[in-house]
Chemist: 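Got a structure for you, questions after.
Since we're looking at a predicted model, the values are computed, not measured. Counting starts at 1 for both ligands and their atoms, following the listed order.
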Amino acid sequence: MIKIGIIGCGFIGTQICSAVDSGAVPAEIFGIFDFSEAKADDVLKLLKTGNPQKCAPEEMIESCDLIVECASQDAVLKYALPAAENGVDLMVLSVGAFQNPDFYQKVRDAAAASGSKIYIPSGAIAGTDGLKSAAMANISSVSVTTRKPVSGLSGSPYLIENNIDLSELKEPKLIFEGTAAEAVVGFPKNVNVCATISLCGIGFDKTVVRIIADPTISENMHELEVYGDFGHMKMAIENKPSPKNPKTSYLAALSAVSTLKKITDPMQIGV
Ligand SMILES: NC(=O)C1=CN([C@@H]2O[C@H](COP(=O)(O)OP(=O)(O)OC[C@H]3O[C@@H](n4cnc5c(N)ncnc54)[C@H](OP(=O)(O)O)[C@@H]3O)[C@@H](O)[C@H]2O)C=CC1
Ligand SMILES: O=C([O-])CC(=O)C(=O)O
C-alpha cells in the first residue's frame, strides 16, 4: 500500500484522511501536517486504522510515496519542488501556485528527472476531460465564470487591495474580469479551478476569468466555455459548499479522493 502524507488538515485534508481510513482508498496515512496543531489533532482523533502521526513535510518527503497538498498556494511553493526532486509523487489542490511559469517548469523538470508524478485533480469543476481532448487540436478561446456567495469570497486579496466591500450587496455583481494568471493571485482560495483549466487548455494568460459575487445563491457555481476546432463546449456546475469552509466546494474533496482511487487502481478510465 502506498504511504501518504497530508499537508493541510482543513476540509479537504480531513475528507481524504477519512476516505483512506474507511478503506475506500487502498493506502495508508503516514503523516499529517497543519500550521494548527489542534486541526491536526482533530484529524488524528478521527482515524482508526494504521499509525498516522503528526510530522513535518520534510519527514514526509523522506518517507512517503505520495504527498497531498491541500493547504495553500504557499505550501505548494514551499514543498512541491523538494518533493519532486526527491522522487516523491505529489497531488496539488492549490493549483494557482502554478501560475508562475518558472516555478511550474522547475517542478515539472524535477519530476521528470526523478520519475515522480504530479497529480492535479479536476477539483471543483467538471469538463477537464473534454478540454484536454480538445487541446489536442486548436482552441480559440477558454473562459470560466465563477459565481459565489459573498461569504465565499470574503478576505480575498483582490477585494482588500481594491477596497471592494460586498457586505451590503443585494444583487449579483461582476467583481473581477481578467486572465486566470491574475485571478488566482487575487482570489487564491476561490479559483484554483481556473488554474486547472489553464493547465488543461490554453494557459494562464489566455484563459479569461469572470468572478461574480452573488448574494442570492448558496452554491459555488462555475461555467466553462470553450471554442476550438473540435466545436463548442459549455459546462455548468452548481456545487454545494463544504460545511466547514464556504470557499471550498464539497466536490473538490471528492475529486481528490477519486484521484487517489485512480492512482491506486489498475483500471484507468477517462482521459
Ligand atoms: N483545485 C480545486 O478545485 C480546489 C482547490 N481548493 C484549494 O485547496 C486547498 C485546501 O482547501 P480546504 O481544505 O478547503 O482549505 P482549509 O482552509 O479548510 O484547510 C487548509 C488548512 O491548511 C492550513 N495551511 C495553509 N497553508 C499551510 C502551510 N503552508 N503549512 C501547513 N498548513 C497550512 C490552513 O491553515 P490556516 O487556516 O491557518 O491558513 C488550514 O488549516 C486550498 O488552497 C483551497 O483554495 C479548494 C477548492 C477547490
Ligand atoms: O471550491 C470551489 O468551488 C472552487 C475553489 O474554491 C477553488 O477553485 O479554489
Chemist: With a 4.5 Å cut-off on side-chain heavy-atom distances among I, L, V, M, F, W and Y, is there a chain of contacts connecting Tyr79 to Leu77?
Modeler: yes
Chemist: Keeping the roles fixed (side chain from Ser255, backbone from Gly123), state whether a donor-acceptor pair exists under 3.5 Å.
Modeler: yes
Chemist: Tell me, which residues have any heavy atom less than 4.0 Å from some atom of ligand 2?
Modeler: Ala124, Lys148, Lys189, Asn190, Val191, Asn192, Val193, Asn220, His222, Lys247, Thr248, Ser249
Chemist: Could you tell me whether the side chains of Ser94 and Asn192 share a donor-acceptor contact shorter than 3.5 Å?
Modeler: no
Chemist: Is a donor on one side and an acceptor on the other found under 3.5 Å between the side chain of Asp21 and the backbone of Thr49?
Modeler: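 Judged by distance alone, yes, a pair lies under 3.5 Å.
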Chemist: Under 3.5 Å, is there a donor-acceptor pair linking the side chains of Ser167 and Asp165?
Modeler: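 Asp165 and Ser167 do have a side-chain donor-acceptor pair below 3.5 Å.
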Chemist: Return the protein residues near ligand 1 (heavy atom under 4.0 Å from any of its atoms), ordered by chain and residue number.
Modeler: Gly8, Gly10, Phe11, Ile12, Phe33, Asp34, Phe35, Lys39, Cys70, Ala71, Ser72, Ala75, Leu93, Ser94, Val95, Gly123, Ala124, Pro188, Lys189, Asn192, Val193, Asn245, Thr248, Ala252
Chemist: How are the rings of His232 and Tyr227 set relative to one another: parallel (under 30°), tilted (30 to 60°) or perpendicular (over 60°)?
Modeler: parallel
Chemist: Checking Ser258 side chain against Leu254 main chain: does a donor-acceptor pair fall under 3.5 Å?
Modeler: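 Side chain of Ser258 to backbone of Leu254: no pair is present.
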Chemist: Counting neighbours of NZ on Lys78 that are heavy atoms of other residues, nucleotides or ligands and sit closer than 6.0 Å, is the number greater than 12?
Modeler: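 Incorrect, the count does not exceed 12.
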Chemist: For Lys54, is the NZ atom crowded, meaning more than 12 foreign heavy atoms sit under 6.0 Å from it?
Modeler: yes
